[in-house]
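In each ligand, atom 1 is the first atom listed, and ligand 1 is the first ligand listed.
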Amino acid sequence: MPELKTRWDIFCTVVDNFGDIGVTWRLARQLVAEHSVAVRLWVDDLRAFERLCPEIDINVSQQWQEGVEVRQWSADWQPTDAADVVIAAFACQLPSAYMDAMAAREKPPLWMNLDYLSAENWIVGCHGLPSVKYKHVQKFFFFPGFQKGTGGLLRENGLLERRRQFQQSPQAQREFLQGLGVDRAEGALLISLFAYENTGLASWLDTLAGDSAPTHLLVPEGRILGDVERWLGVDGLAAGAVHARNALTVQVLPFVRQDQYDPLLWSCDFNAVRGEDSFVRAQWAGRPLLWHIYQQEEDVHLDKLEAFLERYVKGLSQPASEAISGLWRAWNAGETMTDHWQSTRKHWPELQKHAEAWCLEQALQADLAAALVQFYVNWI
Ligand code: TRH
């Protein structure tokens, strides 16, 4: 008799942007590909999903993508049986009929809340703890993180090896970039820019334009384009646009599918990223990065920024640590970037080495999908 696969349900509400679906789609695929479990991914907004995975048919309520059963999570919930493992991503509220279905199972499911990523220390104490109960079904906290005792980070099998091969092959990089219409100018520093609106951008672009060395800036279509337009003094920037200002070439890219975003990060010397998933992917790229953190009420995101920086700069010399921290703080405050960028460039080789070392250190932890499966195994 074939062994019955464990069934997992992942619930995702798209609050805004792409991080919620970005994380859950990545996790769902990895669980299927590497842990042979059956996954249903319930998503309330297939339009956001379609940007990451253009094969998604937004008019279909049930479809299979890369082995994952994708279900439209509509307001009008149809009765369905509960899975063995239930993940509510980012504290989303499950349909009440589904919670009843969980409680009606002979053996209740393992129910977890997959939380937001944070480098703060308190998450170690909370990871894996019981949370609320619905009837007799216990919910658990599951915290991704950068340190031992957390749920780790999403990292597919062989990711770093694929990245290394790509970065060692100028031809693979050239072909990939050419596919996006990018012809990298000889000797230019290649930077990708994915960020929220940012008043500090103009000063950074001024600095890059006035530099003695050339920079080629790649900007996937998104929220930062308005600031780029204002700086360039043009309207209606769209994918394909290329504008040169002194030493700086700005090129707008299409928003690439999620599996193409990795090679874009791997190709660049420096990546400006945001939110959660792109932030983690830039770390796996092994290159220096700049994080635009997702803003939260009462500025609690600033504590998260500092918690990450405190961890990240360990092992850097004092001046390099101050340079990169200063750059990140200025970016997240929307302040002038000039001096911070210049100081960062002074410590470039050290920051490059450090980015690779940080990546390897993080890869020593179990990845998040494996940690979830292990949590389930320990729980049974
Ligand atoms: O889009 P984000 O800002 O997402 C979020 C959400 O706002 C969420 O509500 C919030 O809680 C979280 O941030 C912290 O940034 P993030 O997380 O990096 O997600 C972006 C996704 O888009 C990621 O999976 C990478 C992907 N992406 C592409 O697939 N193609 C692209 O061209 C780019 C630029 C990104």
Side-chain angles (χ1 to χ4, degrees), residues 11-30 41 43-45 47-56 65-66 88-92 113-120 123 143-145 153-156 159 176-177 179-182 191-198 217-225 228 237-240 251-268 270-285 289-297 300-305 307-308 331-332 368:
F11 285 85
C12 170
T13 49
V14 176
V15 178
D16 58 3
N17 303 314
F18 302 104
D20 311 291
I21 184 60
V23 167
T24 49
W25 169 229
R26 194 181 289 293
L27 170 65
R29 274 183 297 173
Q30 196 186 349
L41 174 57
V43 185
D44 69 345
D45 176 2
R47 276 171 211 282
F49 198 169
E50 190 192 18
R51 299 290 302 281
L52 305 190
C53 172
E55 290 79 18
I56 286 289
Q65 298 291 348
E66 299 191 38
F90 312 122
C92 70
N113 181 55
L114 175 62
D115 259 282
Y116 287 106
L117 173 63
S118 171
E120 292 162 301
I123 66 162
F143 281 91
L153 302 172
L154 281 171
R155 173 173 42 84
E156 298 83 357
L159 176 73
F176 170 75
L177 289 171
L180 291 175
V182 176
I191 299 182
S192 77
L193 172 61
F194 180 46
Y196 309 113
E197 297 78 3
N198 195 316
L217 182 74
L218 305 177
V219 194
E221 283 181 313
R223 287 174 56 176
I224 192 78
L225 274 196
V228 178
L237 272 187
Q251 180 163 5
V252 182
L253 301 184
F255 188 91
V256 297
R257 45 180 306 133
Q258 196 186 43
D259 47 20
Q260 294 279 289
Y261 188 54
D262 279 328
L264 176 61
L265 297 170
W266 301 345
S267 302
C268 289
F270 186 75
N271 293 299
V273 286
R274 73 183 205 194
E276 180 163 327
D277 191 54
S278 59
F279 174 47
V280 172
R281 303 315 278 187
Q283 292 169 59
W284 297 138
L289 69 149
L290 173 61
W291 182 28
H292 201 181
I293 192 168
Y294 183 76
Q295 207 165 349
Q296 288 178 293
E297 274 169 34
V300 292
H301 61 287
L302 295 180
D303 294 336
K304 293 186 178 171
L305 180 74
F308 181 81
W331 188 235
N332 283 287
L368 191 138

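- With no hydrogens or angles considered, a side-chain donor-acceptor pair links D277 and Q258 at under 3.5 Å.
- Between F18 and F255, the ring center distance clears the sub-6.0 Å criterion.
- In this structure, D45 and C12 have side chains that are not in contact, with every pair of non-hydrogen atoms separated by 4.5 Å or more.
- Side-chain contact annotation: D44 with T13, donor-acceptor N/O pair under 3.5 Å absent.
- Taking a heavy-atom cut-off of under 4.0 Å, ligand 1 is surrounded by D16, N17, F18, G19, D20, G22, L52, Y116, F194, Y196, P220, F255, V256, R257, Q258, Y261, R274, G275, E276, D277, S278, Y294.
- A side-chain donor-acceptor contact under 3.5 Å links N17 and R223.
- Aromatic ring centres of F279 and F308 lie closer together than 6.0 Å.
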